[in-house]
Amino acid sequence: MNTGKLYLVGLGPGDAGHLTPAAAAAIADSDELVGYHYYIEQVAGDVAGKVSHAMELGQELERAALAVDIAYSGKTVAVVSSGDAGIYGMAGPVFRVLTDRQWDGEYPAVETVPGVSALQSAAALLGSPLMQDFCAISLSNLLTPWEQIRRRLEAAAAGDFVTVLYNPRSRRRVSQLQEAREIYLEHRSSDTPVGIVRHAFRPEQAVSLADLGGLDGERLGVDMFTTVVIGNSNTYVHNGRMVTPRGYEVKG
Ligand code: SAH
């Protein structure tokens, strides 16, 4: 009988305090780790004695295949993602590889340990922006065609969804955030609050507020370590906090 096990572990935003006890237990239970090693050490502390397979960006399928091989060999392996592994994380590549290998659903055992995703960390630092219906959109067009992302932005803007933007901007991808701003300005006023959270719960943490009209990624330092939250038509700022009312009252 194959006794291998694969954990999909969300590490949370990046500090030990927001790593769940279940995530720490899964890492402790594992023989081998797949993920960014320095990051695992930073949040999970002592990982000495574990074989660890570092991961480079763009190698997700290869790393997922390696982890699945380890689990099929009878060992216990943890595949880690920042935030939650099931939100723009390693769960996708792992289940893709399992599908390709016609995994029988039982062996190796697969267990997902949820983590605190960037949208929760960002919201906690900003105030209460996610108090009405919201959605998450990744602006990375490496795996999704930009036309499809554009359509989703248009639908979310028209639907008055509070919108959390993951992967908003990198050194090479600078136009997407500016295009998103233009789409939202067609549906929302230029004073709509926007929250910008960089490196949530890490030593470099920076939180700032802007408005939709002034959403300039370059000037505001938006990069790949940043999550951007665009308010809806009810969102307001009070004493530096971004507030979307629950619906008991309506602004204006
Ligand atoms: N699985 C992760 C998301 C990975 S996609 C999760 O659930 O949070 C990578 C994007 O997540 C980054 O570009 C950024 O937009 C966001 N992100 C991840 N960690 C973050 C943090 N500590 N602070 C701010 N944004 C973060």
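Below, all heavy atoms of this structure are taken into account, side chains as well, without hydrogens, waters or symmetry copies. Every number for a ligand or one of its atoms is a count from 1 in the order of the listing.
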| message | Distance under 4.0 Å to a non-hydrogen atom of M224: what atoms of ligand 1 satisfy this? | response | 12 (C), 13 (O), 14 (C)
| field | Residue-ligand contact P168/ligand 1, heavy atom below 4.0 Å | value | yes
| Protein residue, atom and distance nearest to atom 15 (O) of ligand 1, heavy-atom basis | T226 O, 2.7 Å
| said: Does either side chain, that of T235 or that of T244, offer a donor lying less than 3.5 Å from an acceptor on the other one? | reply: yes
| request: Indicate whether the side chain of N167 and that of Y88 have a donor and an acceptor atom separated by less than 3.5 Å. | output: no
| query | Quick one: does V229's side chain get under 4.5 Å of F134's, heavy atoms only? | reply | no
| task | Examine the side chains of D29 and T76 and answer whether a donor and an acceptor come within less than 3.5 Å of each other. | result | no
| said: Within the structure provided, determine whether N232 and R188 are in side-chain contact (heavy-atom separation under 4.5 Å). | reply: yes
| field | Nearest non-hydrogen protein atom, atom 4 (C) of ligand 1 | value | Y88 O, 3.5 Å
| query | Using heavy atoms and a threshold below 4.0 Å, how should the contact between A118 and ligand 1 be classified: side chain, backbone, both, or neither? | reply | both
| Quick one: does ligand 1 sit under 4.0 Å from the side chain of F201, the backbone, both or neither, non-hydrogen atoms only? | neither
| Enumerated ligand 1 atoms positioned under 4.0 Å from heavy atoms of V197 | 24 (C)
| Does a side-chain heavy-atom distance below 4.5 Å link V228 with R169? | no
| At what distance is the nearest protein heavy atom to atom 11 (O) of ligand 1, and which residue and atom is it? | Y166 CD2, 3.3 Å
| request: Using a strict cut-off of 4.0 Å, indicate which atoms of ligand 1 neighbour a heavy atom of I87. | output: 1 (N), 2 (C), 3 (C), 6 (C), 7 (O)
| query | Any idea how H199 and F225 line up, ring-wise: parallel (<30°), tilted (30 to 60°), or perpendicular (>60°)? | reply | parallel
| said: Return the closest protein heavy atom for atom 10 (C) of ligand 1 as residue, atom name and distance. | reply: N167 OD1, 3.5 Å
| Looking at S117, which atoms of ligand 1 are within less than 4.0 Å of one of its heavy atoms? | 6 (C), 7 (O), 8 (O)
| Y166 and S117: side-chain donor and acceptor closer than 3.5 Å? | yes
| To which protein heavy atom is atom 21 (C) of ligand 1 closest, and what is the distance rounded to 0.1 Å? | A200 N, 3.6 Å
| field | Beyond-backbone contact of L139 with L153, side-chain heavy atoms, under 4.5 angstrom | value | yes
| said: Measuring only between side-chain heavy atoms, which start at C-beta, is R101 closer than 4.5 Å to D69? | reply: yes
| field | Distance filter under 4.0 Å to T227 heavy atoms, resulting ligand 1 atoms | value | 14 (C), 15 (O), 16 (C), 17 (N), 24 (C), 25 (N), 26 (C)
| message | Below 3.5 Å, N or O to N or O, backbone or side chain included: is there any such pair between P13 and ligand 1? | response | yes
| said: A side-chain contact here means heavy atoms from C-beta on lying under 4.5 Å apart; do V77 and S30 qualify? | reply: no
| message | I'd like to check which ligand 1 atoms, numbered from 1 as shown, lie under 4.0 Å from a non-hydrogen atom of D84. | response | 1 (N), 6 (C), 7 (O)
| note | Looking at R169, H199, R202, the heavy atom closest to atom 20 (C) of ligand 1 belongs to R202
| query | Is the closest side-chain heavy-atom distance between P245 and Y236 below 4.5 Å? | reply | yes
| note | Near S82 (heavy-atom distance under 4.0 Å), the atoms of ligand 1 are 1 (N), 2 (C), 6 (C), 7 (O)
| said: Does the residue G14 have a heavy-atom contact with ligand 1, meaning some pair of atoms that are separated by less than 4.0 Å? | reply: no
| Residue, atom name and distance, where the atom is the protein heavy atom closest to atom 24 (C) of ligand 1 | F225 O, 3.2 Å
